[in-house]
Amino acid sequence: MNKVLLVMGIVAGLWFSGCSDNAYLYSPVARAGSASAIQDKLATTQALRHTDIKVNTQHSKNILSGVVHTEKQKFLASSVARSVEGSGIVVNRLVVQ
């Protein structure tokens, strides 16, 4: 009897854990508006001022392009872009000059 209750409890737990509505939050696909949100966050990041970074969404990916001054700025731009909720996949095509 105890084994039956244990199995039923496990099955119920698995059943209810699969009913989450938030799966889209963890999707690797970029959501609408994420490019502008990324652009805004990059523009307000102090260490990325005086850089020329553009964000375009193509094939459900946010692509960073433009020019930065250091490798550190290039890395930071990727980190900032990925920190935006719904950013999905971020491709860094920034050029260091």
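Atoms considered below: every heavy atom in the structure, side chains included; atoms not considered: hydrogens, waters and symmetry mates.
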Test item: Gln73 side-chain N/O and Ala47 main-chain N/O as donor-acceptor pair under 3.5 Å: yes

Please tell me whether Val96 and Val80 are part of a single hydrophobic cluster in this structure, the criterion being side-chain heavy atoms less than 4.5 Å apart. yes

For Thr57, what residues pass the side-chain hydrogen bond (donor to acceptor under 3.5 Å, both in side chains) criterion, not counting sequence neighbours? Asn62

Sorted by chain and number, sequence neighbours left out, salt bridge (Lys or Arg N to Asp or Glu O under 4.0 Å) with Lys54 holds for Asp52

Indicate yes or no: at least one non-hydrogen side-chain atom of Thr70 is less than 4.5 angstrom from one of Val68. no

Which pairs count as salt bridge (charged side-chain N to carboxylate O under 4.0 Å, His left out) when at least one residue sits in residues 55-82, sequence neighbours excluded? none

Evaluate the side-chain proximity of Thr45 to Leu76: yes if any heavy-atom separation is below 4.5 Å, no if none is. yes

Which residues share a side-chain contact (heavy atoms from CB on, under 4.5 Å) with Ala77, sequence neighbours left out: Leu42, Leu48, Ile53, Leu64, Leu94

Quick check against the 3.5 Å criterion: does His69 have a side-chain atom that pairs as donor or acceptor with the backbone of His50? yes

Please name the pair of heavy atoms, one in Ser34 and one in Gly86, separated by the smallest distance, quoted to 0.1 Å. CB-O, 3.4 Å

Which residues share a salt bridge (Lys or Arg N to Asp or Glu O under 4.0 Å) with Asp40, sequence neighbours left out: none

Applying side-chain hydrogen bond (donor to acceptor under 3.5 Å, both in side chains), can you list everything that pairs with Ser83, at least two apart in sequence or on another chain? Lys41

Hphob cluster co-occupancy, Val90 + Ile63, side-chain heavy atoms under 4.5 angstrom: no

To the nearest 0.5 Å, atom CG of Asn56 lies from atom CZ of Arg93 at 10.0 Å

